[in-house]
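To keep things clear, I will list the structure first and then write my remarks on it.
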2 protein chains.
Amino acid sequence: MSEAISNLSRKEQVIRKAAELFKEKGYAAASMRDLAHLLGIEAASLYSHIKSKEEILRSLCFDMAAEFQKSLAEVESKNVTASEKLRNGIIGHIQVMAKDLTASAVFMNEHRHLSQPYLRDFLLMRINYINRFKSIIEQGVKSGEFKDSIDKKLAVMTLFSSLNWMPMWYDPGSAIDPLQLGLQLADMLVNGLKKNA
Amino acid sequence: MSEAISNLSRKEQVIRKAAELFKEKGYAAASMRDLAHLLGIEAASLYSHIKSKEEILRSLCFDMAAEFQKSLAEVESKNVTASEKLRNGIIGHIQVMAKDLTASAVFMNEHRHLSQPYLRDFLLMRINYINRFKSIIEQGVKSGEFKDSIDKKLAVMTLFSSLNWMPMWYDPGSAIDPLQLGLQLADMLVNGLKKNA
DNA sequence: ATATATAACTAACAGTCGTTACTTGAAATT
DNA sequence: AATTTCAAGTAACGACTGTTAGTTATATAT
């Protein structure tokens, strides 16, 4: 009971440090001895807190996935135009990433090192998420808000590429804050889709 | 002499297969034994053709980098408006990637596993390339072709994110060919920047 | 003071890593 | 026919991998 609670604290320290390491070196190139060294302990001691290296990766990937799902569900629940929905979806996605840039980078770049069946589950969630954005775009094309000349797969993939690379270059100490970043990004992308911008 | 020429052929087979493997599993998770197995030979036999695992990665990364540089230099040499230049730059970048999607994916995702001083050199080339695109955007802002309300770093990073993820999702057997893809991508991105599109 | 939980330790395992040294058989060149 | 080049082979190296088993010191709760 209290076991679980106080475990969490130290366990989360381990997971957070692992996220930094995985982001920097990549999951496969990051060893448990590297991680232990960063925490000032021995590699074997890590296993008092976590079950395996991959458990850490799973935790990072699926926790982020849950955050993204939550954000998008809220956006979908509101009855607004497609362009407004897309805009809110983008802003929400950016906000979720900005809350943990390190985990976001791992989520994006290292998920492929998940083993089955976790990898399958992860990819299914991801496709589902992308398709929901695609639906918003299609809705916007149907309502006449968006051009119909652009390939929808291209549009949604371009959107996700832009969003997902953000954790790689965004400096949280920079002049532009995450909300502004989301707004500008949405503006840049949505107005690129909009007819008669 | 003839040594170098006929070596090239087999060496290139090795490098190409390595590119596929590196793309699929990531550089660090791909072993020389995996690679050898794919080629139907023993791991040690690889070293008749290449000096080291990293030499393969270097070859892939720097060859792609040279192609990108060449493409951009040609675009810059023509005296056209900034939006036309940006458009041509995007199309050129896409064309270079389309010529070798596998190597492009490795270039983009695995370059960080280069050791020093190669990593430093690589990153310098990359920054230089990005800055030249940034200059084109700045030129367009100055000439009034592009909005000045959008952060230039954001704009150029969004651009590169969109471009660089293409090898991850583009299916060369799909309905849309690389040139069309380049045109649509350029249209989507450039018109998103343009004032009064 | 005693019991419990936490977080660390040492030692070691079986397996994999990139790579080297040396050898061999076939093909091409002289 | 003799020599060289090419592409592969076998065996093995030292280092590193994730992980386990079992132990110990410290802090907290009873």
Side-chain angles (χ1 to χ4, degrees), chain A residues 1-22 24-61 106 110-116 118-119, chain B residues 1-22 24-61 106 110-116 118-119:
Chain A
M1 229 176 288
S2 69
E3 172 203 315
I5 291 170
S6 56
N7 243 356
L8 252 185
S9 156
R10 186 53 170 162
K11 184 174 182 175
E12 283 225 333
Q13 278 186 300
V14 170
I15 291 175
R16 286 190 161 277
K17 195 56 95 175
E20 291 173 28
L21 183 63
F22 292 172
E24 195 194 300
K25 304 187 70 170
Y27 177 78
S31 78
M32 295 304 271
R33 283 165 181 86
D34 290 338
L35 176 56
H37 185 74
L38 287 174
L39 291 160
I41 62 177
E42 293 298 315
S45 307
L46 291 168
Y47 291 83
S48 304
H49 309 289
I50 49 104
K51 287 194 197 70
S52 68
K53 186 186 181 186
E54 202 193 316
E55 187 207 32
I56 301 176
L57 182 61
R58 276 203 297 272
S59 162
L60 288 167
C61 288
V106 172
E110 310 300 334
H111 68 261
R112 65 168 151 181
H113 294 107
L114 290 168
S115 66
Q116 298 293 6
Y118 304 102
L119 180 57
Chain B
M1 232 175 285
S2 68
E3 173 204 313
I5 292 169
S6 56
N7 243 355
L8 252 184
S9 155
R10 187 52 172 163
K11 184 174 183 175
E12 283 225 333
Q13 279 185 297
V14 171
I15 292 175
R16 284 190 163 279
K17 196 58 92 177
E20 292 172 28
L21 183 63
F22 292 172
E24 195 195 300
K25 304 187 69 170
Y27 178 78
S31 79
M32 295 304 271
R33 284 167 180 85
D34 290 338
L35 176 56
H37 185 74
L38 286 175
L39 291 160
I41 61 177
E42 294 298 315
S45 305
L46 292 167
Y47 291 83
S48 303
H49 309 289
I50 49 105
K51 287 194 197 70
S52 66
K53 185 185 182 185
E54 202 192 316
E55 188 207 30
I56 301 177
L57 182 62
R58 277 203 296 273
S59 162
L60 289 166
C61 288
V106 173
E110 310 300 333
H111 68 260
R112 65 168 151 182
H113 293 108
L114 291 168
S115 66
Q116 299 292 8
Y118 304 101
L119 180 57

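Chain letters run A, B, ... following the sequence lines, proteins first and then strands; every chain starts at 1. Treat the numbers as computed from the prediction; the structure is a model and nothing was measured.
- The residue A/Ala30 sits close only to the backbone: its heavy atoms come under 4.0 Å of sugar-phosphate atoms, none of a base.
- What separates CG of B/Leu46 from C1' of C/dG18 is a distance of 11 Å, to the nearest Å.
- Taking side-chain N and O atoms only, A/His49 has no distance below 4.0 Å to OP1 or OP2 of C/dT6.
- Within the structure, salt bridge (charged side-chain N to carboxylate O under 4.0 Å, His left out) pairs that include any residue of residues 40-51 of chain A comprise A/Lys51-A/Glu55 (at least two apart or interchain).
- Take B/Gln13 and apply the side chain to side chain contact (heavy atoms under 4.5 Å, CB included) test, not counting sequence neighbours, and it matches B/Arg10.
- If you take CD of A/Glu12 and P of C/dT6, they are 16 Å apart, rounded to a whole angstrom.
- Side chain of A/Tyr47, nearest nucleotide from D/dT20, C/dG18, D/dA7: D/dT20.
- Residue B/His113 contributes atom NE2, which lies 12 Å from atom P of C/dG18 at whole-angstrom precision.
- Separating the NE2 atom of A/His37 from the P atom of C/dA8 is a distance of 15 Å, rounded to the nearest angstrom.
- The OG atom of B/Ser59 sits 9.0 Å away from atom CG of B/Leu57, with the distance rounded to the nearest 0.5 Å.
- At a threshold of 4.0 angstrom between heavy atoms, the contacts of B/Ala36 with the nucleic acid are absent.
- For B/Tyr27, the ring-ring contact (aromatic ring centres under 6.0 Å, His included) test picks out B/Phe22, B/His113, with sequence neighbours left out.
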Enumerate donor-acceptor pairs with a distance under 3.5 Å from any side-chain N or O in residues 29-37 of chain A to protein atoms, sequence neighbours excluded.
unit_1: A/Ser31; atom_1: OG; unit_2: A/Arg33; atom_2: N; d: 3.3
unit_1: A/Ser31; atom_1: OG; unit_2: A/Asp34; atom_2: N; d: 3.0
unit_1: A/Ser31; atom_1: OG; unit_2: A/Asp34; atom_2: OD1; d: 3.4
unit_1: A/Ser31; atom_1: OG; unit_2: A/Asp34; atom_2: OD2; d: 3.3
unit_1: A/Asp34; atom_1: OD2; unit_2: A/Lys25; atom_2: NZ; d: 3.2
unit_1: A/Asp34; atom_1: OD2; unit_2: A/Ser31; atom_2: N; d: 3.1

Base versus backbone protein contacts along nucleotides 9-14 of chain C [heavy-atom cut-off under 4.0 Å; B, S, -]: BBBB--
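- At whole-Å resolution of the value, CG in A/Asp34 and P in D/dC16 are 11 Å apart.
- In this structure, B/Ile50 places its CD1 atom 10 Å from C1' of C/dT19, rounding to the nearest Å.
- By the side-chain hydrogen bond (donor to acceptor under 3.5 Å, both in side chains) test, A/Arg112 pairs with B/Glu110, sequence neighbours left out.
- Counting heavy atoms from C-beta outward, B/Gln116 and B/Leu119 have side chains that approach closer than 4.5 Å.
- For the pair B/Leu35 CG and C/dT19 C1', the interatomic distance rounds to 14 Å; values are reported in whole Å.
- Rounded to whole angstrom, the span from the CZ atom of A/Phe22 across to the C1' atom of D/dG18 amounts to 12 Å.
- Relative to the side chain of A/Ser31, the nucleotides D/dA8, C/dG18, D/dT17 differ in distance, and D/dT17 lies closest.
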